[in-house]
Amino acid sequence: MAPDSSPHPSSRHPARRPLTPAPLVLRLCLHLLMAGLLVLAAVRAHSAAGTVAAAVTGAVYATGSHLPAVRTSRRAAGVWLGILGASWLVMLWLTPEALWVAFPLYFLQLHLLPVRWSLPAVALTAGAAILSYVGHGAALNPGVFIGPLLGAAVAVATVLGYQALYRESERRRRLIEELIATRAELAAAERHAGTLAERERLAREIHDTLAQGLSSIQLLLRAAERALPPGSPAAGHIERARRAAQDNLAEARRFVRALTPSDLEHGSLAAALERLCEPGAGPYGPGTGTHGPGTGPRVRFSVSGTPVELPTPYEVALLRIAQSALANTVRHASASRAEITLSFMDASVTLDVVDDGEGFEPGSVRPSSEGGFGLPAMRSRAESLGGTFTVESAPGQGTAVAVSLPLSPEDRSPTTGGSA
């Protein structure tokens, strides 16, 4: 409440914001109070020296009020207050009317100095005012002591109370800003999760309806083509219908691939699972993986059998189940090692996630109240594709999660890549 009525800048306030109307009014009131008391002291001074001392004190105050260094540096503020206090003491020695200037000085000292210095400075200022009043021959009475001391107490209570309110206001402002930022992040995360869920749903619907229907039509047309007698005029029409069904099936599969989750956009399922095991990858935070120590388990990935190209719903389901199983391992198992194995067999593809953690009783698991991919959700995802889901665990013996999805003959063509 001096040149600046907000709390003095420090390392906690690296960027100063413009003053709000209330601090501006308080600063203006302080300027007017100081100016009025100096004019009163100059007018009522009994000597020219007292008037000059009042003018010098006013000039020192006005100069410091316009120096940016006083508002940004405690050292500069201390030097300015020292010069201002010295000029006030000279004026106090020359005229008793300088006593009243002590009141705005209280506020200056409390605002510009740390508490460990401001309180002694206020006490010394009040003592100087009392001694000056007595030294100029005034009669001793309780008001001589009570006035300066009461003014100092009011100033201390006012300034410290204002600073406490200011700190609370700043804390609430930062809290509100954090809440707004968090709300925006949550909204963005919900939109992203909703987009991914809708993409997966559309991919599954296209695969389970259009793609499967077109594949069935193609098989039926091929069977009808083989049943026709040689030279039948319908053979050409059936061939063209079969090719149209084949082309549309390929187009439907392209739609499914376009809706594939981002984890599968840049490679096969095996590559996505291998990336999931890298340090800092996956939904379970940094520090886990196969390439260094961290706060989570070391995770290793391997492929068994000859990789084949899987339907997109299979890849999505296996990737999501692996992510969920690893997340459970890190959050609940306290495991040191975990292993993901993707196995391609003649009639099925199997994913196994095994850890050496604390284990649990599978029969005691209940659906998570927080949603997400808990064990019941993983089981539902596997069974919706005609697969099986099993959990083997016991307290102190780790956990093994296995999901198996059936492969049709047309799914068992080897892929050109994707092995780990």
Side-chain angles (χ1 to χ4, degrees), residues 200 203-204 206-208 211-212 214-216 218-219 222 249-250 252-253 256-257 260-261 263-278 282 290 297-329 335 337-356 362 373 375-394 397-420:
E200 291 183 26
R204 181 177 297 181
I206 293 174
H207 176 270
D208 293 344
Q212 295 294 350
L214 290 171
S215 179
S216 299
Q218 185 181 7
L219 292 175
R222 183 180 289 114
L249 176 60
R253 285 174 173 168
V256 170
R257 284 194 295 271
T260 299
D263 299 302
L264 298 171
E265 287 180 354
H266 306 292
S268 65
L269 172 63
L273 291 174
E274 188 172 21
R275 287 194 300 271
L276 187 65
C277 298
E278 294 175 353
T290 60
R298 293 171 57 88
V299 185
R300 189 170 67 90
F301 172 70
S302 60
V303 175
S304 174
T306 303
V308 298
E309 184 175 354
L310 299 175
T312 297
Y314 277 31
E315 293 186 335
V316 172
L318 294 174
L319 176 62
R320 295 305 188 218
I321 291 173
Q323 289 174 330
S324 181
L326 274 183
N328 287 343
T329 297
R337 296 191 310 275
E339 183 171 353
I340 299 177
T341 304
L342 182 64
S343 303
F344 294 91
M345 293 176 281
D346 291 340
S348 64
V349 57
T350 303
L351 176 74
D352 296 283
V353 182
V354 182
D355 66 63
D356 62 351
F373 294 104
L375 292 177
M378 287 188 273
R379 183 185 304 278
S380 175
R381 182 182 283 274
E383 292 177 351
S384 68
L385 295 175
T388 59
F389 180 83
T390 58
V391 178
E392 295 181 3
S393 182
Q397 299 184 18
T399 302
V401 173
V403 56
S404 178
L405 300 177
L407 291 178
S408 61
E410 61 182 14
D411 291 327
R412 292 200 295 267
S413 57
T415 184
T416 57
S419 59

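Any value given below was found using the heavy atoms of this structure, including those in side chains, with hydrogens, waters and symmetry copies removed.
We find the OG1-CZ distance between Thr341 and Arg300 to be 7.0 Å, quoted to the nearest 0.5 Å. With rounding to the nearest 0.5 angstrom, the CG atom of Leu318 is 9.5 Å from the OG atom of Ser404. Taking CG from Leu342 and CG from Leu310, the interatomic distance works out to 7.0 Å, rounded to the nearest 0.5 Å.
Surrounding CZ of Arg379 are more than 12 heavy atoms belonging to other residues, nucleotides or ligands, all under 6.0 Å away. Sparse packing is recorded around CD of Glu392, with 12 or fewer heavy atoms of other residues, nucleotides or ligands lying under 6.0 Å away.
At a threshold of 4.5 Å between non-hydrogen side-chain atoms, the residues Asn328 and Val353 do not count as touching. Side chains of Leu276 and Phe301 form no contact here, defined as non-hydrogen atoms less than 4.5 Å apart. Contact check for Val316 versus Arg381: side-chain heavy atoms found under the 4.5 Å cut-off.
Residues that satisfy the side chain to side chain donor-acceptor pair (under 3.5 Å) test with Thr350, not counting sequence neighbours, are absent from this structure.
Contact detail for Thr306 and Phe344: the closest heavy-atom pair is O-CB, 3.2 Å. Ala382 and Thr388 make their closest contact through CB-O, 4.2 Å (heavy atoms, listed as atom of the first residue, atom of the second, distance). A pairwise comparison of heavy atoms in Glu315 and Leu269 identifies O-CD1, 3.6 Å as the closest pair. The shortest non-hydrogen separation linking Gly387 to Leu405 is CA-CD2, 3.8 Å. Nearest heavy-atom pair across Met378 and Ala325 is SD-N, 4.0 Å. Residues Ser393 and Gly398 share a closest heavy-atom pair of OG-O, 2.9 Å.
Evaluated for a side chain to side chain contact (heavy atoms under 4.5 Å, CB included) with Ile340, the options Asp355, Asp352, Val401, Leu326 yield exactly one hit, Leu326.
Side chain of Ser348 to main chain of Leu407: no donor-acceptor pair is present (N/O by atom type, distance under 3.5 Å, no hydrogens or angles).
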